[in-house]
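Report on one structure; see the data block that follows.
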Amino acid sequence: MCGIIGYVGGKPAVPFLLEGLRRMEYRGYDSAGVAVLHDGALGDCRAAGKIARLEAALNTTPVTGSCGIGHTRWATHGPPVERNAHPHRSQDGTVAVVHNGIIENANALRVLLQGKGYQFRSDTDTEVVAHLVQELMNGSLEEAVLAALREVEGTYGLAIVSSRDPGKIVAARKGSPLLVGIGDGEHFLASDASAILAHTRQVVYLHDGDVAVIEAGGYRVLDASAAPRTPKVDRIEWDQAAIERGGYPHFMLKEIFEQPQTVENTMRGRLIVEDGTSKLGGLNLSHEQLMAIDNVIITACGTSWHSALIGEMMIEEWCRLPVEVEYASEFRYKNPIVGPNTLCIVISQSGETADTLAAMREAKRRGARTLGLVNVVGSTIAREDDGGVYLHAGPEIGVASTKAFTSQVVALALFALKLARKRGMSVTRGMEIARALHALPAQIQDVLDRSEQVEHIAEEFKRAPNFLYLGRGANFPVALEGALKLKEISYIHAEGYPAAEMKHGPIALIDEMMPVVFVAPHDAVFDKVVSNIQEVKARKGTVIAITSRGEPALDGLVDYEFRIPETVDLLMPVLASVPLQLLAYYIAVKRGSNVDQPRNLAKSVTVE
Ligand code: AGP
């Protein structure tokens, strides 16, 4: 997804801008550019493709100056070619704009501006902002930006510079994250903290509606009505090393191998094994409010939606409360039934996914209480929810989500356990689940210690054009997640299905060429899954089984197997998903894919 960077101070801006853009590469992008002010003039450089191409273009036509903005673009309006790369310049060249988000009334504004003689050079929605600011520039840049924003509908993180008001960057936020970094005689702007962490840890997160004026000697934040706002300065505690690869060939592999620690971190200080419950400080729900919950809606996208399906089973099974799981993109446009005692759980690694954020706002608008399960501290969802449970999984850089998923499942288990114990679950049952949770980090380590077995299976199947993933109960979402991981990074077509549904259609696909991954640990539906495996074998399908230790029923029945330790049924997904993450990773590497930045994908989908 697009990234914004800005610098104003006493040093050359371009090296800083390039470094910041590189640190945001993990978000996914298809073109990049910079614009820098120098001696009252604006210079810029843009290139389609990777940042290395922008750097090469800058070597040929250097741009100098110590106040500039940069951008990595992930195409939404128009193809990823140079003319659509940001920054976009106004007609007279005095204004340069970089933008994340979507200007929804861009077509209407384009017609209006064309009527005034403006000519458009790109297919983007962003270009209207550059022309509009030029049109309205009658004093300071911030006044022109505020006036332009009154005309604009949609979402944006914007950074704007102008040669008619040099030495400053004006930034604006509505629906797309931006933060100001505070330095000594220099200030920074970024859409992602990782871009500026090497230079400062003091940041101001902009709120929706804010406009910031950033200069070498200071910064000001104005609210939507142009009144100055005294912003809160936050300190970023993340370690820079934590967002680097730490010796692994890819972030994704590093993040898979971090899971014993990240799952431990999700539970640290929260799990109370001896009482069979958990303590969650940020819920902001009183005992009475927890007892009054009538129903739960869980909303999310992608991998987070898969963890929601597991959370649904935990809350229904342990708390005996009705739960609905909704794709956030669908929920936001439905007419959902939400009552005053509805709890809406919102799950997001990034805390910035546009559909999930909109779904949360919709649930709030309809009167539900919202609870965010979010990884990125200070993200928009985390700031706007009524209560929250941070995942504490640390920065997830690989586009394919891995450690966030296992932490989401564990965070859901902690919440469901707390709620269940309040609503009648016995202490004995609570302790059984708590003990199982406590054992998970060591059990994940046991799985990881045998990763070469999965690599061997990957070698056998690296050329397969299709995969089917099957599971039942809590392992059906694991099948969905396994299939999603494989298709995201290896580009192999893969489908996840409830194992018994196979005979209602997908069974037609099965022959000796079709690898079928069964997620079949020993749980309440294990015998049923064994029957489903027999159905596949009868049609000459090749079976790869993720099953439990010491389970003889599959001996001789499956072609390849990987055994995971046993745990309580609803926690099996935490262990079963790890070999599937590894399988997708090794197959993708063997096929030569760009594992951390797969094609067409963005880490954080901040557009609708
Ligand atoms: C997962 O591997 C994906 N890249 C994607 O499905 C992701 O889970 C989804 O976009 C939601 O992101 P979020 O958790 O940051 O909201």
Side-chain angles (χ1 to χ4, degrees), residues 1-2 26-28 74 175-177 191-192 194 250-253 255-256 259 262 266 298-311 325-332 345-361 370 372-385 388-391 393-409 411-412 469 477-478 480-491 494 496 577-578 580-585 588 593-608:
M1 195 54 57
C2 308
Y26 73 90
R27 297 165 64 94
W74 187 70
S176 200
S191 53
D192 184 324
S194 61
H250 298 98
F251 282 112
M252 182 179 175
L253 191 63
E255 287 157 9
I256 291 171
Q259 289 176 106
T262 52
T266 306
I298 316 182
T299 188
C301 302
T303 287
S304 300
W305 185 82
H306 296 154
S307 73
L309 293 174
I310 299 162
V325 174
E326 299 273 10
Y327 283 113
S329 52
E330 295 295 322
F331 179 79
R332 61 184 294 191
I345 301 178
V346 180
I347 308 177
S348 175
Q349 186 288 129
S350 62
E352 302 291 352
T353 301
D355 284 322
T356 311
L357 178 59
M360 182 177 82
R361 288 175 176 162
T370 56
L373 264 61
V374 171
N375 192 35
V376 177
V377 176
S379 58
T380 310
I381 292 175
R383 289 205 309 274
E384 292 190 15
D385 57 21
V389 180
Y390 276 126
L391 303 181
E396 189 179 68
I397 309 293
V399 166
S401 187
T402 52
K403 62 177 180 172
F405 174 75
T406 45
S407 283
Q408 285 164 351
V409 176
L412 284 160
Y469 284 70
V478 177
L480 290 176
E481 176 60 8
L484 179 68
K485 285 290 88 84
L486 187 73
K487 63 186 137 192
E488 275 186 300
I489 58 170
S490 69
Y491 318 137
S577 58
V578 177
L580 299 188
Q581 295 166 351
L582 288 167
L583 184 65
Y585 172 79
S593 299
N594 184 347
V595 170
D596 284 332
Q597 291 168 39
R599 70 183 183 207
N600 304 338
L601 287 178
K603 180 63 184 163
S604 173
V605 184
T606 53
V607 291
E608 190 176 348

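Note that ligands are numbered from 1 as they come in the structure, with each ligand's atoms numbered from 1 the same way. Counting begins at 1 with the first residue of the sequence.
Counting protein heavy atoms only, atom 10 (O) of ligand 1 is closest to Val605 CG2, 4.1 Å. Of all protein heavy atoms, the one closest to atom 4 (N) of ligand 1 is Glu488 OE2, 2.7 Å. If you check which protein heavy atom lies closest to atom 9 (C) of ligand 1, you get Cys301 O, 3.7 Å. Given atom 16 (O) of ligand 1, the protein heavy atom at minimum distance is Thr353 OG1, 2.5 Å.
Of all the atoms in ligand 1, the ones that sit under 4.0 Å from a non-hydrogen atom of Lys485 are 1 (C), 2 (O). Interface of Ser304 with ligand 1, defined as ligand atoms under 4.0 Å from a residue heavy atom, comprises 8 (O), 13 (P), 14 (O). Listed by atom number, the atoms of ligand 1 under 4.0 Å from Gln349 heavy atoms are 13 (P), 14 (O), 15 (O), 16 (O). Counting the atoms of ligand 1 from 1 in the order shown, those under 4.0 Å from a heavy atom of Ala400 are 2 (O). In summary, the atoms of ligand 1 found under 4.0 Å from a heavy atom of Ser401, numbered by their order in the structure, are 1 (C), 2 (O).
When only interatomic distances are considered, the shortest N/O to N/O separation between Gln408 and ligand 1 does not fall below 3.5 Å. At under 3.5 Å, not a single nitrogen or oxygen of Gly351, backbone or side chain, sits near a nitrogen or oxygen of ligand 1.
Checked by atom type and distance alone, the side chain of Thr303 never pairs as donor or acceptor with a backbone atom of Phe405 at under 3.5 Å. Side-chain atoms of Asn375 do not come within 3.5 Å of backbone N or O of Gly351 as any donor-acceptor pair. The backbone N or O of Ile397 sits less than 3.5 Å from a side-chain atom of Glu255, completing a donor-acceptor pair.
Here the straight-line distance linking atom CD of Gln581 with atom CG of Leu253 works out to 10.5 Å at 0.5 Å rounding.
Using a 4.5 Å heavy-atom cutoff, the side chains of Val346 and Asp385 are not in contact.
The heavy atom nearest to atom 5 (C) of ligand 1, out of those in Leu357, Thr303, Thr356, Thr402, is found in Thr303. The heavy atom nearest to atom 15 (O) of ligand 1, out of those in Ala328, Ser350, Ala300, is found in Ser350.
In this structure, Leu601 does not count as a contact residue of ligand 1, since none of its heavy atoms falls inside 4.0 Å of the ligand.
Salt bridge Lys403/Glu396: absent, no basic N to carboxylate O contact under 4.0 Å.
In plain terms, the two heavy atoms of Thr402 and Met252 that are nearest each other are CG2-CE, 3.9 Å.
Aromatic ring pairs are classed by plane angle as parallel below 30°, tilted from 30° to 60° and perpendicular above 60°; the pair His250 and Tyr585 is perpendicular.
Inspection of the Gln349 and Ser401 side chains reveals no N or O donor paired with an N or O acceptor under 3.5 Å.
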